[in-house]
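The structure appears right after this line, and notes come after that.
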Protein chains: 2
Amino acid sequence: MFTLSEENYLKTIYHLGLNSEIGVSTNEIAKKMQTKASSVTDMIKKLSDKNLVVYKKYKGVRITDFGRNTAANIVRKHRLWEVFLVEKLNFSWDEVHEVAEQLEHIKSPKLINELDALLGFPKQDPHGDPIPDKEGNYYPLEKKLLATLGLGEKGICVGVNDSSSSFLQFLDKQKIALGNEIKVLGKEPFDDSIQIQIANRELSISNKIANNLYIKIL
Amino acid sequence: MFTLSEENYLKTIYHLGLNSEIGVSTNEIAKKMQTKASSVTDMIKKLSDKNLVVYKKYKGVRITDFGRNTAANIVRKHRLWEVFLVEKLNFSWDEVHEVAEQLEHIKSPKLINELDALLGFPKQDPHGDPIPDKEGNYYPLEKKLLATLGLGEKGICVGVNDSSSSFLQFLDKQKIALGNEIKVLGKEPFDDSIQIQIANRELSISNKIANNLYIKIL
DNA sequence: ATTAATTTTTAGTCTTATCTAAAATAATAA
DNA sequence: TTATTATTTTAGATAAGACTAAAAATTAAT
């Protein structure tokens with residue numbers, strides 16, 4: 001199978017390539033992985049030898065169908081473990097990532113299928129991100145950034161764009177959780193802040209926050 | 001912290017040293033780890049540098065208090081994961097070892113403490129082996145090998161000596177499980193087999209089996 | 001108490017995954 | 001279009017963990 005390092009590089013290439021038609025550049029990968037471009041070139045060759053990516057010198061990499069499938073399976077494991085940690089082990093949503101980064105590399109098909117069943121076959125992780133099925137397919141929710149909603153629009157909080165601890169902890173402090181209903185009461189042109197109603201409270205939300213919260217329109 | 005390899009060597013040294021006063025030999029470790037004596041010597045030096053073992057050239061190693069504590073913590077994780085796999089994920093007791101070997105290296109104190117709570121703070125793993133507490137202490141059950149019981153003696157099946165898949169699958173097939181009450185009906189001098197009563201059935205058990213089943217005397 | 005056999009260690013090599021520095025290629029600007 | 005800048009690759013080095021073969025130390029046997 002694949003080494004820890006190979007899996008981590010593949011996952012990064014998978015995420016970086018999701019919304020782009022062209023290849024993923026060496027520097028992009030290096031930045032995301034906090035490593036050097038030369039290390040990336042080395043690893044890319046290994047991934048290419050294993051048919052996980054297609055590599056053309058100086059032209060970046062593109063993931064293959066096999067690679068995409070393999071990566072989606074790692075993402076599936078990561079997100080299922082995140083659900084487990086929150087639902088069964090009382091982790092908060094800002095604590096799960098680091099541990100899931102370790103757990104996603106455990107090799108046992110039975111383990112992950114049984115875990116899926118134990119959790120009731122969840123479709124989203126604690127941050128609202130979709131969990132791929134066994135075939136690597138997933139169905140992203142229809143969602144918009146809070147910042148793009150118009151005055152008076154209503155929706156349900158379904159995910160975050162930024163999963164950093166500081167952002168998630170901010171949401172906890174403001175008692176904003178996935179599933180909450182939100183209505184836009186006002187938009188302030190001066191600083192692009194937004195006034196919202198959430199669970200019978202009124203809050204003023206900065207533009208930065210509004211650009212990192214996903215809403216499903218009702 | 002410690003690498004995967006360091007943890008695996010330490011665990012082996014811990015287990016090999018449990019019932020002996022003298023040091024553990026290089027060859028013993030190599031045999032158990034399925035590796036070469038020279039690799040063991042290399043690793044022993046690393047463990048010694050990290051104060052996990054005391055090493056004297058040609059004299060084998062002894063684990064330190066710090067090493068014993070570290071090893072017991074890995075064993076604690078291994079056995080808690082085994083309980084989880086059996087109790088929550090429908091693994092059978094012959095399937096758990098391989099996966100637990102991976103899971104035992106996950107680093108997260110919160111994870112293991114919450115897992116312990118989720119499982120109801122179990123004291124034994126699915127094979128009847130004791131689970132060390134956070135301080136590395138554990139309390140082995142008073143137990144005897146079935147082969148050593150006298151005629152008419154009764155007890156409860158509390159553990160296995162051999163955890164190989166083939167032995168565990170044999171027990172499953174014979175419907176012998178931990179917790180079952182067993183009574184010795186007869187002992188056959190010719191082949192040292194034993195006649196037992198278990199859950200209203202009578203069985204003839206070979207000496208080899210009887211030497212791998214632990215019984216708590218009633 | 002030497003010799004022989006076994007165990008353990010050392011020395012040197014290999015692979016994986018990293019890095020730095022330099023060379024090669026591609027992209028951009030004058 | 002040529003020169004400059006940025007990106008990417010290559011070459012060579014390093015560290016961890018493993019191996020083989022040979023040397024050294026210990027143990028066993030005559």
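Hydrogens, waters and symmetry mates play no part in the numbers below; they use all other heavy atoms, side chains included. A note on names: the letters A, B, ... follow the listed sequences, proteins ahead of strands, and every chain is numbered from 1.
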Note to self: Of the options dT20(D), dT8(D), dA16(D), whose atoms approach the side-chain atoms of K46(B) most closely?
What the structure shows: dA16(D)

Next item on the list: Say whether D125(B) and H78(B), considering side chains only, have a donor N or O and an acceptor N or O under 3.5 Å apart.
Entry: no

Next item on the list: Find which nucleotide of DNA chain C each of S5(A) and K59(A) is nearest to by heavy atoms, and output the residue with the more 5' nucleotide.
Entry: S5(A)

Item checked: Any S25(B) side-chain N or O less than 4.0 Å from OP1/OP2 of dT8(C) -> yes

Note to self: Check K107(B) with E7(B), please: is the shortest side-chain N to carboxylate O separation under 4.0 Å?
What the structure shows: yes

Check: Rounded to the nearest Å, what distance is computed from the CD1 atom of residue I44(A) to the C1' atom of nucleotide dT16(C)?
Finding: 17 Å

Item checked: N or O in side chain of Y9(A) less than 4.0 angstrom from dT18(C) OP1/OP2 -> yes

Margin query: Nearest to the K57(A) side chain among dT9(D), dT10(C), dA17(C), which nucleotide is it?
Written below: dT9(D)

Check: Does the side chain of N27(B) get closer than 4.0 angstrom to OP1 or OP2 of dT8(C) through an N or O atom?
Finding: yes

Check: Do the side-chain N or O atoms of K45(A) get closer than 4.0 angstrom to the phosphate oxygens (OP1, OP2) of dT10(D)?
Finding: yes

Next item on the list: Looking at every strand, decide which applies to T26(A) at a 4.0 Å heavy-atom threshold: base, sugar-phosphate, or nothing.
Entry: sugar-phosphate

Checklist line | K36(B) side-chain proximity, nearest of dA17(C), dT20(D), dT8(C) | finding: dT20(D)

Checklist line | Protein-nucleotide distance (E28(A), atom CD; dT7(D), atom P), rounded to Å | finding: 11 Å

Margin query: Using whole Å, what does the distance between atom C1' of nucleotide dT18(C) and atom CE of M33(A) come to?
Written below: 11 Å

Item checked: Proximity to the side chain of S38(A) - top-ranked nucleotide from dG17(D), dT10(D), dA18(D) -> dT10(D)

Note to self: Whether the side chain of T41(A) and the base of dT10(D) hold a donor-acceptor pair under 3.5 Å is what I'd like checked.
What the structure shows: no

Notebook entry, point to check: Between D49(A) and K46(A), is the closest basic N to carboxylate O distance under 4.0 Å?
Noted result: no

Note to self: Can you see if the side chain of Y55(B) gets near the phosphate of dT9(C) - specifically, an N or O under 4.0 Å from OP1 or OP2?
What the structure shows: yes

Next item on the list: Find the distance D49(B):CG to dA15(D):C1' and express it as a whole number of Å.
Entry: 14 Å

Notebook entry, point to check: Is there a side-chain polar atom (N or O) of T3(A) under 4.0 Å from OP1 or OP2 of dA17(C)?
Noted result: yes

Notebook entry, point to check: When you check the gap from the basic side-chain N to the acidic O, do K187(B) and E153(B) get nearer than 4.0 Å?
Noted result: no

Notebook entry, point to check: Do the side-chain N or O atoms of S39(A) get closer than 4.0 angstrom to the phosphate oxygens (OP1, OP2) of dC19(C)?
Noted result: yes

Check: Between dT15(C) atom P and M43(A) atom CE, what is the distance in whole Å?
Finding: 16 Å

Check: Per the atom types in the model, does the base of dT18(C) pair as donor or acceptor with the side chain of T35(A) at under 3.5 Å?
Finding: no

Margin query: If you define the side chain from C-beta out and look only at heavy atoms, does anything of I29(B) sit under 4.5 Å from Y9(B)?
Written below: yes

